[in-house]
Amino acid sequence: MLDLKYIRQHPEIVKAGAAKKRIPCDVDRILELDRQVRALSQEIDAMRSQQKEAGKRISAAPPEERPALAEAQKELKARLKEGEARDSSLREELEALLLRVPNVPADDVPDGDDDGDNVELRRVGDPPSFSFAPRSHIELGQMHDWLDIERGARLAGSRNYVLKGDLALLENAVLRLAVDTMVAKGFTPLSVPTLVRTETMVGTGYFPGGEDQAYRCDERDDLCLVGTAEVPITALHQGEILDGECLPLRFVAQSTCYRREAGTYGKDTKGLYRVHQFQKVEQVILDVNDEARSLEHHQAILRNAEELLQALELPYRVVNVCGGDLGQPQIQKFDIETWMPSREGYGETHSASRFHEFQARRLGLRYRGEDGKVRFCHTLNNTVAASTRMLIALLENHQLEDGRVRVPAPLRPYLGGREVLPG
RNA sequence: GGAGAGGUGGCAGAGCGGCUGAAUGCGCCACAUUGCUAAUGUGGUGUCCCUUCACGGGGACCCCGGGUUCGAAUCCCGGCCUCUCCGCCA
């Protein structure tokens, strides 16, 4: 959420930002409502002040005079009530609009309509050139009885799967490596709920707007399954005023991620690329309200992911996501796309975002600075490793001619020292 | 799931329906005093909105949302959460 004062002072910047993101946003209506709310609240405050004065006079008056004085206040009470009703309906409309105002993208976010306009920043590692016909992760999975998509679908519907044997172990190995790597960098490991209140989804910017992408409980429980651990981690300290001394907070958590993938029918229907449930290790940073530090963190969390990919010997590229492909909350986002031979291209595996105070403002996540002032935090996050897409990349990039798969060195300790799977 | 208790400022903990944005203690900050530290004394110590060039002024907030009342932290209803006991269970 943007500061209403900021919108009031810089309406053109907000409008231009929304246009760059291709997100419709009626800034003028917001400004109009803001004017009305402020004018009305002045009236209401004056009436309340009057009412308080009258209350004091009544309490000071002799008991026999009180009924008459109280009677005289009834008209004011009625007017106040009417004003408050108008006030709350205006505020309700204003709030609903404010929740949908997109964060203003950074200047170096490229212009563009969709992911086709994202700008490649760098490529690291060369896609493998095979001396044989490479197999897809699906073929490799079936060949070794590692992957059961038919039964996954029978259990849980389309876009579900079962990992078996060494592939199940490999999943755990990648996740553990990811967590351990981040802990070694000083991140605090968390184990967090994946079922959260709707309020938490709103606070992190997924709602309103992303309802179709989330699984929600029925009306008995006001709970949603998260699509990423970003949600519970970022919201961990919602509603708090943190001691500035304890910042930055760096967290890492592995969680199951649930995605409805509404509107993707017919897209990436085969294999593990687009599924309803997977495991992911996520890194989140909460820090003071400082642009320079935010930028540093953004580079750091991007680097953390790149280092992991390099250690796993996976070729990837980094793209600067364009305006039209950015979500509502982000200031800027860098995606990492890892080479996937079966796609004959790069597939998104990581997404590093910075939000400025957008999420913190919605969450009521603040801190007290050295000067004693209370400010909203800055938040950032990035993937460390998402299970299924990492498995695709590992199987397909490191496959051998006989269908076995080479295990990159950092994963071996988690697989009993094995250098090749199966084996 | 059944029965009870409770949610007040950084923490602990008072609070008759008006004089309570809130006693008191601890913590914290400033100043004073003392070789240093400790101890002691004095003062200060919430968040947010509107308004003002400024000094200042007005308002909201005692878990959240409704209600009663001229007036609610205080009474009533609903929700959320915590604790105790019983039941059930990984």
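Labels below follow one simple rule: chain letters A, B, ... track the order of the sequence lines, proteins then strands, and each chain is numbered from 1. These numbers come from a predicted model, not from an experiment. Computed over heavy atoms, backbone and side chain alike; hydrogens, waters and symmetry mates excluded.
- The shortest heavy-atom contact between Leu140(A) and Trp146(A) is O-CE3, 4.2 Å.
- Nearest to the side-chain atoms of Ser49(A) among the listed nucleotides G58(B), U51(B), U69(B) stands G58(B).
- Taking atom CD of residue Gln73(A) and atom P of nucleotide U68(B), one finds them 17 Å apart after rounding to whole Å.
- Under the 6.0 Å distance and 45° angle rule, Arg389(A) does not count as a cation-pi partner of Phe278(A).
- Within the 4.0 angstrom heavy-atom criterion, no nucleotide atom of any strand lies near Ser41(A).
- A straight line from CD of Glu53(A) to C1' of G18(B) spans 13 Å, rounded to a whole angstrom.
- Between Asn289(A) and the choices Glu357(A), His356(A), Lys373(A), the side chain to side chain donor-acceptor pair (under 3.5 Å) rule is met once, by Glu357(A).
- A close approach under 4.0 Å does occur between a side-chain nitrogen or oxygen of Arg38(A) and OP1 or OP2 of U51(B).
- No hydrogens or angles considered: nothing links the side chains of Ser342(A) and Ser136(A) as a donor-acceptor pair under 3.5 Å.
- The residue from Arg274(A), Arg159(A), His276(A), Gln213(A) that alone fulfils the side chain to side chain donor-acceptor pair (under 3.5 Å) condition with Glu261(A) is Arg274(A).
- Of the two residues contacting RNA chain B, namely Lys5(A) and Glu71(A), the nearest-nucleotide position lying further toward the 5' end is that of Lys5(A).
- A donor and an acceptor atom, one from each side chain of Gln277(A) and Tyr161(A), are nowhere located under 3.5 Å apart.
- With distances taken from any side-chain atom of Arg197(A) to the nucleotides C70(B), C81(B), U47(B), the minimum falls on C81(B).
- Atom CZ of Arg35(A) and atom P of C50(B) are 15 Å apart (whole Å).
- Using a 4.0 Å heavy-atom cutoff across all strands shown, Arg8(A) reaches sugar-phosphate atoms only and no base atom.
- Distance Ile241(A) CD1 to G46(B) P: 11 Å, rounded to the nearest Å.
- Contact check, Arg48(A) against G71(B): no side-chain N or O comes under 4.0 Å of OP1 or OP2.
- Between the NZ atom of Lys373(A) and the P atom of C48(B) there is a distance of 11 Å, given to the nearest Å.
- Asp45(A) contributes a side-chain N or O that forms a donor-acceptor pair with the base of G58(B) under 3.5 Å.
- Atom CD of Glu64(A) and atom P of C70(B) are 19 Å apart (whole Å).
- Each of Arg366(A) and Ala46(A) was matched to the nucleotide of RNA chain B holding its nearest heavy atom; the match closer to the 5' end belongs to Arg366(A).
- Between Glu199(A) atom CD and G79(B) atom P there is a gap of 17 Å when expressed in whole angstrom units.
- Distances shown here put every side-chain N or O of Ser59(A) at or beyond 4.0 Å from the OP1 or OP2 atom of C19(B).
- Contact annotation for Leu69(A): no contact, since no heavy-atom pair falls under 4.0 Å across all strands.
- At a threshold of 4.0 angstrom between heavy atoms, the contacts of Arg57(A) with the nucleic acid are absent.
- The residue Arg368(A) sits close only to the backbone: its heavy atoms come under 4.0 Å of sugar-phosphate atoms, none of a base.
- One P atom belongs to A22(B), the other to C61(B), and the distance between them is 14 Å to the nearest Å.
- Side-chain proximity of Gln42(A) to C70(B), C50(B), G59(B): nearest is C50(B).
- The gap from the P atom of G9(B) to that of G78(B) amounts to 25 Å, rounded to the nearest Å.
- Checking the phosphate oxygens (OP1, OP2) of G71(B), a side-chain nitrogen or oxygen of Gln51(A) falls inside 4.0 Å.
- Listed candidates were U47(B), U68(B), G59(B). Nearest to the side chain of Val374(A) is U47(B).
- U42(B) is paired with A30(B) under the Watson-Crick or G-U wobble criterion, all donor-acceptor distances under 3.5 Å.
- Under the salt bridge (Lys or Arg N to Asp or Glu O under 4.0 Å) criterion, Glu95(A) pairs with no residue at all, not counting sequence neighbours.
- Of all nucleotides present, none satisfies the Watson-Crick or G-U wobble test against C53(B) with each distance under 3.5 Å.
- Using a 4.0 Å heavy-atom criterion, one finds that Lys74(A) contacts the sugar-phosphate atoms exclusively.
- In this entry the distance linking CD of Gln238(A) with C1' of C80(B) reads 13 Å, nearest Å.
- Within 4.0 Å (heavy atoms only), Lys56(A) reaches no atom of the nucleic acid at all.
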